[in-house]
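Notes for the one structure printed next.
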There are 2 protein chains.
Amino acid sequence: MRAQQRVLAAIEKDFKTAGLPPLGWYDVLWELVKADAGRLRPFEIEARTLLAQYNLSRLIDRLEKEGLVRREAYDEDARGCWVVVTDAGRAMRALMWETYSRSIETHVGAKLSEQEAKTFAALLSKLF
Amino acid sequence: MRAQQRVLAAIEKDFKTAGLPPLGWYDVLWELVKADAGRLRPFEIEARTLLAQYNLSRLIDRLEKEGLVRREAYDEDARGCWVVVTDAGRAMRALMWETYSRSIETHVGAKLSEQEAKTFAALLSKLF
DNA sequence: CCAATATATATGCAGTTGCATCTACTTTGA
DNA sequence: TCAAAGTAGATGCAACTGCATATATATTGG
């Protein structure tokens, strides 16, 4: 708990210092960029990011307000919608990654050897 | 991040199901119970728990309102105060531990061998 | 000794979260 | 075929957080 708290705080601080939005934005943008056609249904993002439904709904609002994503109709089911990443969203994702990757290297990578990192990842995956 | 998020969510859910307050309360109560005379200065709790100063200030308000701690004057420095754990606070800490220890066992202990847990702890400690 | 600076804690405000519930469809099954 | 149940997503409200700043007291250098 403590280790995660410190690492996460350090990463968020790096984002803030760089004038970038918080980590949650990155997670959503990244899922969208990875996804087919750069779009996902909200419930798919929810499952991939572990964000709560009501939080995600409002996070999408914020991303949309910044022009990083766009909601589009989902024809097969009028209840649903697509969340589509815009070019600005892709650019923001890439920009955030510059800071994020450095943060990961600084706050995690530099503190573990290659072998330790592998062991660590294996142990973490057991906690699912 | 993901593993911690899941484990923490599971633990918080266990507390909620048991009708108990959130994990943050436990952390503060436990620091106080461990401390000499069951009391600490707010800034000492802050350092031990990684809570932000303004969050801790208000968490103490809530604990005080529930009668789990009490603020007392700190004579050597009129700016400061003691936070003293009450008997009710000690009882709550003990009660929470019943749920918490089971949660840890379920969500972490059961998923790692003794040896793995040791390795895990050693790796986590490198991230400080 | 005192003005400037530093420290300990609290708090107003705006933004975020959690909870419960709402709306708007879809699916199911008698 | 239609009422009941289920699902996708949004939202009002209260609690919590972060930020900036306030308040009150201590310390320090000239």
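Note that the coordinates shown come from a computational prediction; the quantities given were computed from them, not determined experimentally. Just so we're on the same page: letters track the sequence lines, and every chain starts at 1.
Hydrophobic clustering (ILVMFWY, side-chain heavy atoms < 4.5 Å, transitive): B/Phe43 and B/Leu63 are in distinct clusters.
Rounded to an integer number of Å, the gap from OH of A/Tyr74 to P of D/dG9 is 9 Å. Put simply, CG on A/Leu23 is 15 Å from P on C/dT16, counting in whole angstrom units. Taking atom CG on B/Leu40 and atom C1' on C/dA8, their separation rounds to 15 Å, with Å as the unit. A/Glu46 places its CD atom 9 Å from the C1' atom of D/dG9, with the value rounded to the nearest Å. For the pair A/Gln5 CD and D/dG18 P, the computed distance is 10 Å after rounding to whole Å.
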All N/O contacts under 3.5 Å from nucleotides 22-27 of chain C to the protein, with atom names and distances to one decimal?
residue, atom, partner, partner atom, Å
C/dT26, OP1, A/Ala78, N, 3.0

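Note on A/Arg102 versus A/Glu105: no salt bridge recorded, every NZ/NE/NH1/NH2 to OD/OE distance being 4.0 Å or above.
By the 4.5 Å heavy-atom criterion applied to side chains, A/Val69 and A/Leu29 are counted as neighbours.
In the region residues 6-21 of chain A, proximity to DNA chain C at under 4.0 angstrom, judged on heavy atoms, holds for none of the residues. Residues from residues 55-72 of chain B lying near DNA chain C, meaning a heavy-atom separation below 4.0 Å, are B/Ser57, B/Arg58, B/Arg71 in numerical order.
Rounding to the nearest 0.5 angstrom, the gap separating the CD atom in B/Glu46 from the CD1 atom in B/Ile60 is 9.5 Å. If you take CH2 on A/Trp30 and CZ on A/Arg48, they are separated by 12.5 Å, rounding to the nearest 0.5 Å. Distance check: B/Glu72 CD to B/Cys81 SG gives 10.0 Å after rounding to the nearest 0.5 Å. Put simply, CG on A/Leu23 and OG1 on A/Thr99 are 11.5 Å apart, with the number rounded to the nearest 0.5 Å.
Mapping A/Gln53 and A/Trp25 onto DNA chain C via the closest heavy atom, the residue that lands nearer the 5' end is A/Trp25.
The side chain to side chain contact (heavy atoms under 4.5 Å, CB included) search around B/Arg62 returns B/Trp25, B/Arg58, B/Leu59, not counting sequence neighbours. Every residue two or more places apart in sequence or in another chain that forms a ring-ring contact (aromatic ring centres under 6.0 Å, His included) with A/Tyr100 is listed here: A/Phe15, A/Tyr26, A/Trp97.
For NZ of B/Lys34, the number of neighbouring non-hydrogen atoms (other residues, nucleotides, ligands) closer than 6.0 Å is greater than 12.
In this structure, A/Val84 belongs to a hydrophobic cluster whose other members, linked by side-chain heavy atoms under 4.5 Å apart, are A/Tyr74, A/Trp82.
Counting any heavy atom pair closer than 4.0 Å across all strands shown, B/Tyr54 reaches a base atom.
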